[in-house]
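To start, the structure itself, in structure tokens.
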Amino acid sequence: MSKRKAPFSEDNPNHDLCDMLTELADYERNVSRNIYKYNAYRNAATALAGHPTRIQSGEEARKLNGVGAKISKKIDEFLQTGKLQKLEKIRDDDTNTAIGLLTRVSGIGPAKAKQLVDAGVKTIEDLHRHEDKLNSHQLVGLKYFEDFEKKIPRHEIEQTEEIIKKEIHELDPEYLITICGSYRRGQLESGDIDVLLTHPSYTSTDGNARRSQLLKKVVNSLVSKKLIIDTISLGDVKFMGVCSLDKLKRDVRHGHARRLDIRLTPHDQYYCSILYFTGSDLFNKNMRAHALQNGFTLNEYTLRPVGSTGIPGEPVVVTSEEDIFEYIGYPYKKPSERD
DNA sequence: ATGTGAG
DNA sequence: ACTCACATA
């Protein structure tokens, strides 16, 4: 879900301007490889997205921070003509569109896409003819190119969850398992399946992820049950791969391949992780900002008090998501209220 | 070690 | 923003 993103809500009055700037940003990142221009366009788009009323001119936009002379000029052109010459040109150039396409394959980023296009590889069919130029992650991305762009219906994730929990608990009933992401927020469809895993024997102070093999055991069992059908990467604490219900459900014969992530987190950090991976991104950002104002720093792993010195202290003990809200004096929000 | 990519 | 996994050097 991270590559194709629509970061700005449809209901904002400057939606079209945000789209224009985001398209320019993507071009600077993927084609020009200029991360500074990329950031400049993104910052400007974010500023516009946060502006409550319709921008009437480049001059007005210039007052926002993140919008300087050059972007202000582009806004004027867009407002007056309904388009932007620079963007029209970019859209016409087939090198640019090819890079844009190849970048949609999981595992192919801007650098690889550029290299491929320079070698004359510009379409998905070209990729199939030149699989020798791809690493194992990229081959998986190519194999499931269409499927990975499809949303996953909530019902399918529910079925997957049931199978995952059953299999893992057969292995060891002490594993704790939570599917996070937009699924946990109650959305009717999601981009991938994000599983959080822990075990009482594995904490940040004792237990060792490498030695315990807690993650690998789980992955092995799901592979042998044919739920996991491909692996992108597998380390001590994070698995990235592909799952499908095809071989498991009689009523599913031509199901889609789905992106599945499983991460193993220490038992004492489980709830901070759940909070973090449930999102949304914006909610996390706001919650962290609130934590800071109340003298805490919150990350994926821990909640720590930060004294007048600015140096974070020892992590506080967290045994539920509610604990975290309580500590920082933030009214509890159910996952479904975190959009 | 460093770069790439994903999330 | 930051971390993990991987493929190179």
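Quick note on labels: first sequence line is chain A, next is B, and so on, each numbered from 1.
With hydrogens and angles disregarded, a donor-acceptor distance shorter than 3.5 Å links the side chain of A:Asn96 to the backbone of A:Ile90.
Shown here is A:Tyr332, whose OH atom has more than 12 heavy atoms of other residues, nucleotides or ligands within 6.0 Å. Crowding of A:Lys216 atom NZ: a count of heavy atoms from other residues, nucleotides or ligands under 6.0 Å exceeding 12.
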Quick tally for nucleotides 1-7 of chain C: nucleotides whose base has a protein heavy atom under 4.0 Å get B, sugar-phosphate-only ones S, the rest -, giving B-SBSSS
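Under the side chain to side chain contact (heavy atoms under 4.5 Å, CB included) rule, A:Leu87 has a single partner from A:Arg91, A:Gln85, A:Lys83, A:Lys89, which is A:Arg91. Test A:Leu298, A:Asn286, A:Asn294, A:Ile324 against A:Tyr330 for side chain to side chain contact (heavy atoms under 4.5 Å, CB included) and you get one pass: A:Asn286. Of the listed residues (A:Arg184, A:Lys333, A:Lys334), just one forms a salt bridge (Lys or Arg N to Asp or Glu O under 4.0 Å) with A:Glu321, and that residue is A:Arg184.
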Review item, nucleotides 1-4 of chain B N/O atoms under 3.5 Å of protein N/O:
none

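One can place CG of A:Leu102 at 15 Å from C1' of B:dG5, the figure rounded to the nearest angstrom.
Between A:Tyr175 and A:His199, the distance separating the two ring centers is shorter than 6.0 angstrom.
Contact between the side-chain N/O atoms of A:Arg263 and the OP1/OP2 oxygens of B:dG7 is not found at any separation under 4.0 Å.
By the ring pair (Phe, Tyr, Trp, His ring centres under 6.0 Å) test, A:Tyr144 pairs with A:Phe148, sequence neighbours left out.
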